[in-house]
Amino acid sequence: MTEAPNESSTDRGHLNFIEQIVEDDIASGKHRGRVHTRFPPEPNGYLHIGHAKSICLNFGLADKYGGKTNLRFDDTNPVTEDTEYVDSIKNDVRWLGFDWENELYASDYFEQLYQFAEALILKGLAYVDDSTSEEIAAQKGTPTEPGRLSIYRDRSVDENLDFFRRMRAGEYPDGAKVLRVKVDMASPNMQLRDPIIYRIKHAHHHRTGNTWCIYPMYDFAHGQSDSIEQITHSLCTLEFVPHRPLYDWFIEQLNIFPSRQYEFARLNLTYTVMSKRKLKKLVEEGHVTGWDDPRMPTIAGIRRRGYTPASIRDFCDRIGVARRDNLIDVGLLEFCIREELNKTTPRVMAVLDEKPLKLVITNYDEGREEIMRIENNPEDASSGERDVPFSRDVYIERDDFMEVPPKKFFRLFPGGMVRLKGAYIIKCDEVIKDETGEITELRCSYIPESRSGSDTSGINVKGTIHWVSVPHAVEAEVRLYDRLFSVENPAADERDFQELLNPTSLEVVRAFVEPALVDASRSGSLTNVQFMRKGYFILDADSTPERPVFNRTVTLKDAWAKEQNKGEVKKG
RNA sequence: AGCCCGAUAGUAUAAGGGUAGUACGACAGAUUUUGGUUCUGUUUGUGGAGGUUCGAAUCCUUCUCGGGCUACCA
């Protein structure tokens, strides 16, 4: 039932606590072994990686145990919800590789929920309350003191029925009345102190239009929706634990299908925030360019960053599911995408530098050109080779040359030798500088017998660097993304957002790329690529035919940078 | 403060009374025409105190610490 079953989840070797519950239920014959889950987003925002965890869990569970998963929009608050979000959510779930059994809406059940409410009134378990919200809040009491009974609590069944019907009929303005259930105003669980189950909102609903002016609260909609859909295992995050007694209470009082709720800990990721409110703030205050900014933890952002659905599913599988609070190292997400992209992406050379270093090969004839055949992916023999033009002048990274090299630097330096990837070994003969002392050019000589693939020179060099032929180079824009925040857990930090943001989360640089890349991008066949020795990149929608734009998904692991950092630490 | 939930290497996650494992990370080495990949090895853990038991990460008590709840949001 899903397009992309997560194979690894079945051979993980152990069960998470929810799988354990499901297996126990199957073993005991509960629901005759049937497994039916649901993913229940509220259509009032964009999905993020935390939702991906829930999606993978719900769909993955059904997948593993031969069950089904509904996509159900929890659309009980018309003032915050919109079809725009419905569409983006459906798109994101599909992109992640999942296909739902039924597309449903809590609003599909408004009439049924209304009838449930009348049934509770008839049982003497619900009453219409004219108190203001302030009064109701005051009545609630505190965790240490019991609440007080509302003066409207003992209205007669007839009176309640009449008022409730008139609420539905639109006789009262917003806030004039609510419907509450009589549970227990003295309960130590605040959720049980006569919660409101219906409120008046004269608002247009994205699906039911103006049919309704009263809307059920979450607690009165969610569990019953699960029940109506005969959901066997209703999974949600830990903050709903105190709601579970209410969930069960409604099911019992209404005598409907006994769905059961199980809670797991939500995902937290280092160097980012996950709350809708904070993400919205990032967008609204212009810290990012939008919900799909590649630095955002939204599915849309991650997708634009170049992450793949499989890598996210793998990530969700690796982080596990439990009930303790957690803060997952974003490095694990990066590991997952690197692991996949290493196997699948074509390699290509690009020099990412505002001012790349020009290297002139003095003993290579002016005007001469050669086509080098370079393998596309050493991890994938079937990926073939591509043509890479070579000439007398090539660009290299400024970082790949040092006039005074430190120990263990095996790139280029005066008098030193390196191999130009897929081409020749060269030697640096001379460093040319301008009047300010900046290096403008390197004059080198090449070893003709060292041509890649037919090297008879017998020379062994320590370093291989990438390059792009100057006359063939194509200019591109490259967006180097890094973590959005400079602190591990911004949500727990007291300081203002502003101070926590990583000032270098985006660096835009000019790049010179080999021509094969541009042909591929024009033909639309290019998705993720590896810029050799730099990282994984993806073509961005901002590209134009004249100027391709690439987003950096993630860097390659960089042992040399680590080595240098060690030095820094020692010095500093 | 009351109630609820939780606590296993740096980060996650297993072990369901019987050898504390796995992944990522870190560290070291080998291989490498990507300082990538791959391979090998090493390191680090049951929050504290009692109790039950032949035997406790697991069961009990208690303490400590972390989180949640007191919306006409979900």
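Nothing here was measured: the structure is a model prediction, and the numbers come from that model. Heavy atoms only: backbone and side chains are in, while hydrogens, waters and symmetry mates are out. Residue numbers begin at 1 in each chain, while the letters A, B, ... track the order of the sequences.
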(Q) Classify Glu145(A) by what it touches in the nucleic acid, base, sugar-phosphate, or nothing, heavy-atom distance under 4.0 Å. (A) nothing
Q | Any residue meeting ring pair (Phe, Tyr, Trp, His ring centres under 6.0 Å) with Tyr536(A), in chain and number order, not counting sequence neighbours | A | none
Q: For Gly453(A), answer base if it contacts any base atom (sugar-phosphate contacts may also be present), sugar-phosphate if it contacts only those atoms, and nothing otherwise; contact means non-hydrogen atoms under 4.0 Å.
A: base
Q) Base, sugar-phosphate, or nothing for Gly422(A), non-hydrogen atoms under 4.0 angstrom? A) base
Q) Quick one: does Glu379(A) reach the base of G36(B) with a side-chain donor-acceptor pair under 3.5 Å? A) yes
Q: Write down the distance between CG (Leu57(A)) and P (U13(B)), rounded to a whole number of angstrom.
A: 13 Å
Q.
Considering every strand and a 4.0 Å limit on heavy-atom distances, what is the contact class for Tyr424(A): base, sugar-phosphate, or nothing?
A. nothing
Q.
Tell me whether the side-chain N/O atoms of Lys462(A) come closer than 4.0 Å to OP1 or OP2 in U33(B).
A. no
Q. Which part of the nucleic acid, if any, lies within contact of Leu556(A), taking any heavy atom under 4.0 Å across all strands shown: a base, the sugar-phosphate backbone alone, or nothing?
A. base
Q: Would you indicate what Val321(A) reaches in the nucleic acid, counting non-hydrogen atoms under 4.0 angstrom: base, sugar-phosphate, or nothing?
A: sugar-phosphate
Q) Is the shortest side-chain N/O distance from Arg347(A) to OP1 or OP2 of U34(B) below 4.0 Å? A) no
Q: Tell me what Leu420(A) touches on the nucleic acid: a base, only sugar-phosphate, or nothing, going by heavy atoms under 4.0 Å.
A: nothing
**Q.** Minimal non-hydrogen separation, Phe164(A) against Val128(A), with atom names
**A.** N-CG2, 3.8 Å
Q.
On the side chain of Gln20(A), is there an atom forming a donor-acceptor pair with the base of G16(B) - under 3.5 Å, no angle test?
A. yes
Q) Across the strands shown, which category fits Arg411(A) at heavy-atom distances under 4.0 angstrom: base, sugar-phosphate, nothing? A) base
Q.
As a test of understanding, state which of Arg483(A), Lys557(A), Arg552(A) forms a salt bridge (Lys or Arg N to Asp or Glu O under 4.0 Å) with Glu334(A).
A. Arg483(A)
Q: Take atom CZ of Arg266(A) as the centre, draw a 6.0 Å sphere, and report whether it contains more than 12 heavy atoms from other residues, nucleotides or ligands.
A: no
Q | Residue whose closest nucleotide on RNA chain B lies nearer the 5' end, Lys421(A) versus Leu327(A) | A | Leu327(A)
Q. Taking OP1 and OP2 of G35(B), is either one under 4.0 Å from a side-chain nitrogen or oxygen of Arg533(A)?
A. yes
Q: Check every strand shown and say whether Arg338(A) touches a base, only sugar-phosphate, or nothing at a heavy-atom separation below 4.0 Å.
A: nothing
**Q.** Footprint string (nucleotides 63-74 of chain B, 5' to 3'): B base within contact, S backbone only, - free, heavy atoms under 4.0 Å
**A.** ----S-SB-BSB
**Q.** Distance-only donor-acceptor test (3.5 Å): side chain Ser452(A), base U33(B)
**A.** yes
Q | Nucleotide-level pairing of RNA chain B, given in dot-bracket where Watson-Crick and G-U pairs need both distances under 3.5 Å and | marks other strands | A | .((((((..((((....[..)))).(((((.......)))))....(((((..]....))))))))))).....
**Q.** Any Val478(A) side-chain heavy atom under 4.5 Å of Phe531(A) side chain
**A.** yes
Q) For Arg318(A), which contact category applies under a 4.0 Å heavy-atom criterion: base, sugar-phosphate, or nothing? A) sugar-phosphate
Q. Heavy atoms under 4.0 Å, any strand shown: does Arg419(A) hit a base, just sugar-phosphate, or nothing?
A. base
Q) Heavy-atom distance under 4.5 Å between the side chains of Glu370(A) and Tyr424(A), does that happen here? A) yes
